[in-house]
Amino acid sequence: MHDIRWIRENPAEFDAALAKRGDEAMSADLIQRDADRRAVQTELQELQTRRNDASKQIGIAKSKGEDADTLIKEVSDLKDRMQALEENEKNLSSNLTDLLSGIPNLPSEDTPVGAGEEENVEIRLEGVPPEFDFEAKDHVDLGENLSGISFERAGKLSGSRFVVLQGQVARLERALASFMLDVQTEEFGYTEIAPPVLVKDEALYGTGQLPKFADDLFKTTDDLWLIPTAEVSLTNLVANEILAEDDLPIRVTALTPCFRSEAGAAGKDTRGMLRQHQFNKVELVSICHPDNSLEEHERMTGAAEEILKRLDLAYRVMVLCTGDIGFSARKTYDLEVWLPGQDTYREISSCSNCGDFQARRMKARFRPEAGKGTEFVHTLNGSSLAVGRCLIAVMENYQNKDGSITIPEVLRPYMNGLELISAG
RNA sequence: GGAGAGGUGGCAGAGUGGUUGAAUGCACUGGUCUUGAAAACCAGCAGGCGUGUAAGCGUCUCGGGGGUUCGAAUCCCCCCCUCUCCGCCA
């Protein structure tokens, strides 16, 4: 959500930033609507002032036993005009809010301008993809051969884009998630949270999934939604709160299943478990002081990268361009892990700085120690990591010629010391 | 799911239609006092919006939304949440 007062004062800057995203200029329209709204509001408030004064006098007169009919008549006569103005004001302001809430966040200065995915910029390349002296299999072949993955059985239960994991593969997935949580809580200061995965409209509005992206979500029959990411649950933890300045930063993490309808992805990534309706993810969320969000963004990205480093997986860090960045983000780093089965890098994490965009929507503020009033916090979120995709990465990068999978050192403590997953 | 009780400022807790955005206490902030601290005393202490260069002024908000009234924290309706008892249940 954008600050209409800021738009009023910086219309050119606002439109220029929208243009970078490929969106049309909107400031003139918004400013006009805002001016209309304020004119009506001011007029209404003048009438309210008169009404309040008169009502007080009526009270005084009555308490003295005096006659107040003239005043009562006057206020009575104000009512029609007031009601009309009230309705008018309500419409104007909800129209304005609807418009504003559909406008994406403005990209930061250092977000590269580009039309789409192809124009994202690689800023780091870490690790070396493994070389195999045999033909590398993908996780589907590996998993089915190990009796660890079944799409067929998942299909019986739930249809396409679901998977059943079994045995040591299932355990490996759990090991990954535990490892991720342990690193983030013990080494990066994130507090573990076990949040609801069913949430109300307001929560999804707060983080920006609603009202625009309802099609990407699953909704229950009693009006709750399945979260597409724990970003929703974790960020909304501070919704409608006024925090103390020294509460910041708040760093929270959670392992949750995530649910996505993948409405716009028909035919895309249909093989394997790369793109599922349900997957597990360890999410990081930081709520921080506006002065610190840039460095917090780097820190968070580093925390996510640490997981890949310790798993000794090759990856690259991309800065998303203005055409690929998400609705709520000012700047986003994607981490892409090397997948031998696909012979390419694929997204495994996305770390975004949303500035005060989400905070405004959910009214998450803090009280600055110096100065008065309140200020909006900055919110950041990042995956650390998508567990399902990380499982793919481990299976494909750690495969052996015979189809077995070597368990990465750091995961062995979580696997009761097991070093190898093999068939039979 | 059924029956009942209740939701007031950071917390506790008054307030049933009339100068109440809200008594009082605690907490917090500033000041006086003190060698320092405590205590005591004095003062301040909600958020949003509008208007104004500003000081300020105005307006809205007592779980949320409607309604009655000249006037609602107080009366009426709907919804949400919490607690107690019962039922069901991992």
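Just so you know, these numbers use all the heavy atoms, side chains as well, and skip hydrogens, waters and symmetry mates. Note on naming: letters A, B, ... go to the chains in the order of the sequence lines (proteins, then strands), and numbering restarts at 1 for each one.
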Report task. Determine the Euclidean distance between corresponding C1' atoms of B:C79 and B:C89; express it in Å to zero decimal places. Result -> 27 Å

Report task. Can you tell me, in whole Å, how much space there is between the C1' of B:C80 and that of B:C41? Result -> 46 Å

Query - Phosphate OP1/OP2 of B:G18 contacted by A:Asn52 side-chain N/O (<4.0 Å) - result: no

Query - Nearest-angstrom distance from the residue atom CG of A:Leu47 to P of B:G71 - result: 13 Å

Requested in this report: Figure out the CZ/C1' separation between A:Arg38 and B:G52, and round it to whole Å.
Outcome: 13 Å

Query raised in the report: Applying a 3.5 Å limit to both distances, which nucleotide forms a Watson-Crick or G-U wobble pair with B:G9?
Result: none

Query raised in the report: Tell me: NZ of A:Lys90 to P of B:G67, nearest whole Å?
Result: 6 Å

Report task. Find the distance A:Glu46:CD to B:C49:C1' and express it as a whole number of Å. Result -> 15 Å

Requested in this report: Return the nearest nucleotide to the side chain of A:Arg5; candidates are B:G18, B:C49, B:U51.
Outcome: B:C49

Query raised in the report: B:G71 pairs with which nucleotide, Watson-Crick or G-U wobble, both distances below 3.5 Å?
Result: none

Query - N-O pairing of A:Arg37 and A:Asp34 below 4.0 Å - result: yes

Report task. Please say whether the positively charged group of A:Arg389, taken as NZ for Lys or CZ for Arg, lies over the ring of A:Phe279, i.e. under 6.0 angstrom from the six-membered ring centre and within 45 degrees of the axis. Result -> no

Query - B:G87 versus B:G4 - spacing of their C1' atoms, nearest Å - result: 15 Å

Query raised in the report: C1' atom, B:A40 versus B:U34: distance in rounded Å?
Result: 11 Å

Query raised in the report: Looking only at atom C1', what distance separates B:G21 and B:G71, rounded to whole Å?
Result: 16 Å

Query raised in the report: With a non-hydrogen cut-off below 4.0 angstrom, is A:Arg8 in contact with a base, only sugar-phosphate, or nothing?
Result: sugar-phosphate

Requested in this report: Look at the side-chain N and O atoms of A:Ser76 and state whether any lies under 4.0 Å from the OP1 or OP2 oxygen of B:U69.
Outcome: no

Report task. Choose from B:C60, B:G47, B:G58 the nucleotide whose nearest atom is closest to any side-chain atom of A:Gln48. Result -> B:C60

Report task. Look through every strand shown and name the nucleotide pairing with B:G1 as Watson-Crick or G-U wobble, where both distances are under 3.5 Å. Result -> B:C86

Query raised in the report: Taking only side-chain nitrogens and oxygens of A:Arg37, does any of them come within less than 4.0 Å of OP1 or OP2 of B:C49?
Result: no

Requested in this report: Measure from the side-chain heavy atoms of A:Lys79 and tell me the nearest of B:G48, B:U59, B:C70.
Outcome: B:C70

Query raised in the report: Of the nucleotides B:G18, B:U51, B:G47, which has the atom closest to the A:Arg367 side chain?
Result: B:G47

Query raised in the report: When you look at NZ of A:Lys363, are more than 12 heavy atoms from neighbouring residues, nucleotides or ligands closer to it than 6.0 Å?
Result: no

Report summary line: From CH2 of A:Trp6 across to C1' of B:C49 the rounded distance in Å is 21 Å

Query - Whole-angstrom distance between B:C11 and B:G47, as gauged at atom P - result: 14 Å

Report summary line: Taking a pair to mean Watson-Crick or G-U wobble geometry with both distances below 3.5 Å, B:G44 pairs with B:C28

Report summary line: Using Watson-Crick geometry (N1-N3 plus N6-O4 or O6-N4) or G-U wobble (N1-O2, O6-N3), each under 3.5 Å, B:U16 is paired with none

Query raised in the report: Does B:G21 have a Watson-Crick or wobble partner in any strand here, with both distances under 3.5 angstrom, and which is it?
Result: none

**Report entry** Pairing of A:Arg310 and A:Glu409 as salt bridge, 4.0 angstrom limit
**Finding:** no

Query - Pair A:Ser350-A:Asp334, side-chain donor/acceptor within less than 3.5 Å - result: yes

Query raised in the report: Is there a donor and acceptor pair, one atom on the side chain of A:Gln45 and one on the base of B:G58, closer than 3.5 Å?
Result: yes

Requested in this report: Quickly work out the A:Arg50 CZ to B:U19 C1' distance and round it to whole Å.
Outcome: 14 Å

**Report entry** Nearest-nucleotide pick for A:Thr42, side chain only, options being B:U51, B:G58, B:G47
**Finding:** B:U51

Requested in this report: Sticking with atom C1', work out how far B:C26 lies from B:U68, rounded to a whole angstrom.
Outcome: 39 Å

Requested in this report: Determine, for A:Glu43 against A:Arg81, whether the closest basic-nitrogen to carboxylate-oxygen distance falls under 4.0 angstrom.
Outcome: yes

Requested in this report: Give the rounded distance in Å between these two atoms: CG of A:Leu78 and P of B:G71.
Outcome: 10 Å

Query raised in the report: CD1 of A:Ile58 versus P of B:G17: gap in Å, rounded?
Result: 18 Å

Report task. For B:G50, give its Watson-Crick or G-U wobble partner with both distances under 3.5 Å, or none. Result -> B:C57

Query raised in the report: Got a salt bridge between A:Asp223 and A:Lys200, using NZ or NE/NH1/NH2 to carboxylate O under 4.0 Å?
Result: no

Query raised in the report: Rounding to the closest angstrom, what is the interatomic distance between B:U74 and B:A14 at atom C1'?
Result: 13 Å

Report task. For A:Lys56 and for A:Arg51, find the nucleotide of RNA chain B with the closest heavy atom, then tell me which residue's nucleotide is more 5'. Result -> A:Lys56

Requested in this report: Would you indicate whether A:Glu87, at its atom CD, is surrounded by more than 12 heavy atoms from other residues, nucleotides or ligands within a distance under 6.0 Å?
Outcome: no

Query raised in the report: On RNA chain B, nearest-nucleotide positions of A:Lys200 versus A:Val75: which is more 5'?
Result: A:Val75

